[in-house]
Every structure is written in C-alpha cells, then in structure tokens.
Amino acid sequence: QVQLVESGGGLVQAGDSLRLSCAGSGRPFSTYIMGWFRQAPGKEREFVAAINRSGGGTTYADSVKGRFTISRDNAKNTMYLQMNSLKPEDTAVYYCAASSTFVVTTNPRLYNYWGQGTQVSVSS
C-alpha cells in the first residue's frame, strides 16, 4: 500500500505558474504508475497527466498538453505537476493517484490509491 498527500495548490492569476507536489509513503514509490486528475465544481473527475515508473514516459490530456509537465523523483517519493500558463478553466481540485498497472493509463478505475486533493483557483 501507499499513502498519498497533495500540496502546492492556491489562488493565482491567469498566465501564472504553479507546481503541485504529491508525497508518498509506505510501499516504495517506484512501484507505481502515477497520475494526476482534477474535478471542478459540478463537473466529473477528468484525467490530467500520467507518468510511468521510471519517469521516462508521460501522457497528457489535450486540454493541458504543452502547458503542464508531470515528473517524479522516486528517491524522494514525490511526484510533481508543473502548471504553466494557467487558465480559469484549470480551476479545480487536483488529485494524485497511484496504479499497479504495468503501463501508463488514463483510466481512473485502474488507479488503486488516491490523495485527498489540493485546490487550484485561477482568476481572470
């Protein structure tokens, strides 16, 4: 098992940058495929980005590709989401998740563990 906790959310202006962190504890962090999801008020949870165990393979939602970068530091048991050129549409609660699958996946049903979320608010 692994326990996950997000941090780094806040209120920023459109065009600003923000870096989210996801700290893991328990089973070695490198065991898992990692992903970021988000949920805005009144909206369903949506996939944002995912990264493989070594950090060399990534997948992004079309809405964030080119603006967001997912990365991981297995030695520190931490995953990151660097968010640049933020838009009001990015406003949501962001969740990190861990999966025991063997390849990166965008399917939330294949993620076994979830953090509690961190709020990101982007003003115009």
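The basis for the numbers below is simple: all heavy atoms, side chains too, and nothing from hydrogens, waters or symmetry mates.
- Listed by first then second residue, pairs satisfying ring pair (Phe, Tyr, Trp, His ring centres under 6.0 Å) with a partner in residues 58-101 number zero, not counting sequence neighbours.
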Please walk me through it: do Thr31 and Val2 pass side chain to side chain contact (heavy atoms under 4.5 Å, CB included)? CA-CA 10 Å; Thr31 301; Val2 63; over 6 Å; no
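- Separation of atoms CG (Leu4) and SG (Cys22) is listed at 4.5 Å; rounding is to 0.5 Å.
- Using a distance-only test at 3.5 Å, with no hydrogens or angles considered, a donor-acceptor pair links the side chain of Asn112 to the main chain of Ser100.
- Distance alone, capped at 3.5 Å, is enough to place a donor-acceptor pair between the Arg67 side chain and the Ser85 backbone.
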Do Ser123 and Gln13 pass the side chain to side chain contact (heavy atoms under 4.5 Å, CB included) test, and can you show the C-alpha distance, the side-chain angles, and the key distance before you say yes or no? CA-CA 5 Å; Ser123 63; Gln13 297 181 7; 3.8 Å; yes
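- Using a 3.5 Å distance cut-off with no hydrogens or angles, the side chains of Thr78 and Asp73 do not pair a donor with an acceptor.
- Put simply, the side chain of Thr69 never gets that close to the backbone of Gln82: no donor and acceptor are under 3.5 Å apart.
- Considering every non-hydrogen atom in both Thr105 and Ser99, the closest pair reads CG2-OG, 4.3 Å.
- The backbone N or O of Cys96 lies less than 3.5 Å from a partner atom in the side chain of Glu6, making a donor-acceptor pair.
- Inter-residue side-chain proximity for Val104 and Ile51 is flagged as unmet; no heavy-atom pair is nearer than 4.5 Å.
- Remark: the backbone N or O of Gly57 is paired with a side-chain donor or acceptor of Asn52 at under 3.5 angstrom.
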As a quick check of understanding, evaluate ring-ring contact (aromatic ring centres under 6.0 Å, His included) for Phe37 and Tyr111, giving each step before the final call. CA-CA 11 Å; Phe37 295 79; Tyr111 285 82; 5.1 Å; yes
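- Contact check for Arg38 versus Val93: no side-chain heavy atoms found under the 4.5 Å cut-off.
- Counting all heavy atoms, side chain and backbone alike, Ser124 lies closest to Ala14 at CA-CB, 4.4 Å.
- Phe47 is not listed as a side-chain neighbour of Trp36, based on a closest heavy-atom distance of 4.5 Å or more.
- For the pair Thr91 (side chain) and Val122 (backbone), a donor-acceptor distance under 3.5 Å is present.
- Counting only distance, with no hydrogens or angles, the side chain of Asn74 and the backbone of Asn77 share no donor-acceptor pair below 3.5 Å.
- With contacts defined as side-chain heavy-atom distances shorter than 4.5 Å, the pair Ser7/Thr118 does not qualify.
- Between Ser121 atom OG and Asp90 atom CG the span is 11.0 Å, to the nearest 0.5 Å.
- How far CE of Met34 is from OG of Ser71: 11.5 Å, rounded to the nearest 0.5 Å.
- When all heavy atoms of Leu81 and Ala49 are compared, the closest pair comes out as CD1-CB, 4.4 Å.
- The backbone N or O of Phe29 sits less than 3.5 Å from a side-chain atom of Arg72, completing a donor-acceptor pair.
- Inter-residue side-chain proximity for Val120 and Leu20 is flagged as met; some heavy-atom pair is nearer than 4.5 Å.
- Geometrically, Arg109 does not engage Trp114 in a cation-pi contact, judged by NZ or CZ lying under 6.0 Å from the ring centre and within 45° of the ring axis.
- Shown here for Met79 and Ile70, the closest heavy-atom pair between the two residues is SD-CD1, 3.9 Å.
- Contact record, Val48 with Val64: O-CG2, 3.5 Å, taken as the closest heavy-atom pair.
- Of the possible donor and acceptor atoms, none in the side chain of Thr59 sits under 3.5 Å from a partner among the backbone N and O of Ala50.
- Scanning all heavy atoms of the two residues, the minimum distance from Pro108 to Arg45 falls at CB-NH2, 3.6 Å.
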